[in-house]
Amino acid sequence: MNQFKKTILITGGAGFIGSHLVRLFVNKYPEYKIVNLDKLTYAGNLDNLKDIEGRSNYEFVKGDICNQTELQKIFSDHKIDNVIHLAAESHVDRSISNPLEFVQTNVIGTVNLLNTAKNNWNIESSENIFYHVSTDEVYGSLGEEGLFLETTPYDPRSPYSASKASSDHFVRAYQETYGLNIKISNCSNNYGSHQFPEKLIPLIINNILNKKPLPIYGKGDNVRDWLHVVDHAEAIDLIFHQGKIGETFNIGGHNERKNIEIVKLLIDLVDEKLNRDKGESLNLITYVKDRAGHDQRYAIDAEKLKTNLGWTPRYTVEQGIEKTVEWYLNNMEWVENIVSGDYLNYYENQYVDR
Ligand code: NAD
Ligand code: DAU
């Protein structure tokens with residue numbers, strides 16, 4: 001007899017958002033078993049979860065969502081009854097240089113996971129939920145006006161967003177065709193601790209620290225709608241527990257900023273905290289060749305989530321970014337380990353005999 005009320009497979013739990021979600025669930029729901037499945041690609045880092053790794057309701061499994069045999073074994077061994085799926089290739093620039101890897105992980109991997117869930121679950125049971133974590137980028141690019149609604153037609157424009165859009169379609173198709181109980185959320189740009197330093201905010205913080213050029217694509221006037229990662233994790237928790245089966249929810253912070261504004265905010269904060277002269281790092285700003293097919297503006301209408309489930313974000317950009325800068329300044333070693341590749345050595349030492 002299973003001692004746990006639910007056994008939830010969280011995929012991609014060693015990544016940025018996944019690790020925040022795993023931590024939230026392990027701490028908040030001791031009655032659930034959380035199985036974290038992660039391939040530990042360059043973006044996966046078990047250091048992100050050091051504080052919870054010994055917990056009795058937590059288990060890490062190294063594995064690949066593209067491998068059907070591995071997935072079946074995990075479902076059988078752990079009696080998985082719910083899935084929250086975050087594993088993905090997540091960086092737009094990498095999708096431009098290697099689109100096939102994004103098809104493999106984000107599309108094929110998701111379909112493998114859907115198949116495994118379908119084959120192992122009682123389709124009639126509302127106790128078995130497949131929750132797919134997706135992105136606002138599936139809706140395309142906005143001009144100066146307008147917001148993305150759940151009903152906005154899909155218009156993905158990068159290989160990354162095309163692969164995420166495709167995975168969303170497959171998730172909905174599994175509900176229509178096989179009756180799988182699904183939920184989807186589409187979230188705007190996240191920031192916070194433990195984000196891999198290839199993404200704008202941690203990359204800029206790290207470069208200011210090291211007095212390296214701050215690369216701004218194009219004119220720096222592209223707009224993103226920033227949400228603190230803890231707000232995202234809490235929204236997922238709410239939707240997982242209270243969202244209606246089959247529904248989609250947009251998640252966003254109403255925190256639109258131009259990239260150049262974010263970079264200048266980071267310069268102010270980092271210079272101040274390092275006791276540098278005000279504006280000292282402004283001369284590091286370097287405008288570089290634009291990203292191919294660079295989406296101009298993303299902005300989420302999260303009214304449905306607010307009205308239906310009462311969710312609003314806790315952090316403003318100013319509060320959340322200050323907290324994030326403090327985390328990076330206090331955890332420089334975390335960044336250095338990743339950047340230098342030391343993390344791979346850590347993993348070998350940690351798991352060599354298992
Ligand atoms: P991330 O790149 O930090 O983490 C992805 C994780 O998935 C890593 O731990 C990696 O090792 C794992 N992974 C990759 N391929 C795998 C495979 N084949 N099998 C098992 N694990 C694999 O990504 P993130 O920023 O934390 O994003 C998580 C999810 O949220 C993604 O699905 C992404 O599309 C979505 N999302 C991200 C944002 C954002 O701003 N970062 C916003 C909205 C939605
Ligand atoms: O909107 C949600 C998406 O947000 C997620 O689905 C993706 O997984 C996540 O990576 C993020 O995508 P973006 O492309 O918006 O994030 P990124 O941090 O790469 O870039 C943010 C903005 O900053 C974008 O307009 C490009 C710009 N940029 C980025 C980098 C890395 C720069 O100007 N210079 C840079 O060096």
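Worth saying up front: this structure is predicted, and the values here are computed from it rather than measured. As the structure lists them, so they are numbered: ligands from 1, and atoms in each ligand from 1.
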Counting only heavy atoms and a distance below 4.0 Å, can you name the residues contacting ligand 1?
Gly12, Ala14, Gly15, Phe16, Ile17, Asp38, Lys39, Leu40, Thr41, Ala43, Gly44, Gly63, Asp64, Ile65, Leu86, Ala87, Ala88, Ser90, Thr105, Val133, Ser134, Thr135, Tyr160, Lys164, Cys187, Ser188, Asn189, Asn190

Output every pair passing side chain to side chain donor-acceptor pair (under 3.5 Å) with a member in residues 154-164, not counting sequence neighbours, ordered by first then second residue.
Asn106-Ser163, Tyr154-Asp168, Tyr154-Arg172, Arg157-Asp295, Ser158-Ser161

More than 12 heavy atoms from other groups under 6.0 Å of OH on Tyr29:
yes

In terms of the angle between their ring planes, are Tyr32 and Phe25 parallel, tilted or perpendicular, with boundaries placed at 30° and 60°?
tilted

With Phe130, the side chain to side chain contact (heavy atoms under 4.5 Å, CB included) member among Ile245, Val171, Ile84
Val171

If you draw a 6.0 Å radius around CD in Glu145, do more than 12 non-hydrogen atoms from other residues or ligands fall strictly inside?
no

Mind telling me whether Trp327 and His194 have parallel, tilted or perpendicular rings, with 30° and 60° as the class edges?
tilted

Got a sec, which hydrophobics cluster with Leu147, joining ILVMFWY side chains under 4.5 Å apart, including via others?
none

Using modelled atom types only, decide if a donor and an acceptor are shared between the side chain of Lys183 and the backbone of Gly243 within a distance under 3.5 Å.
yes

Could you name the protein residues that come within less than 4.0 Å of ligand 2, counting only heavy atoms, and order them by chain and residue number?
Ser90, His91, Val92, Thr135, Asp136, Glu137, Tyr160, Cys187, Ser188, Asn189, Glu198, Lys199, Leu200, Pro215, Ile216, Tyr217, Asn222, Arg224, Asn259, Arg291, His294, Tyr298

For residues Tyr42 and His91, report the shortest heavy-atom separation together with the two atoms involved.
OH-CB, 4.1 Å

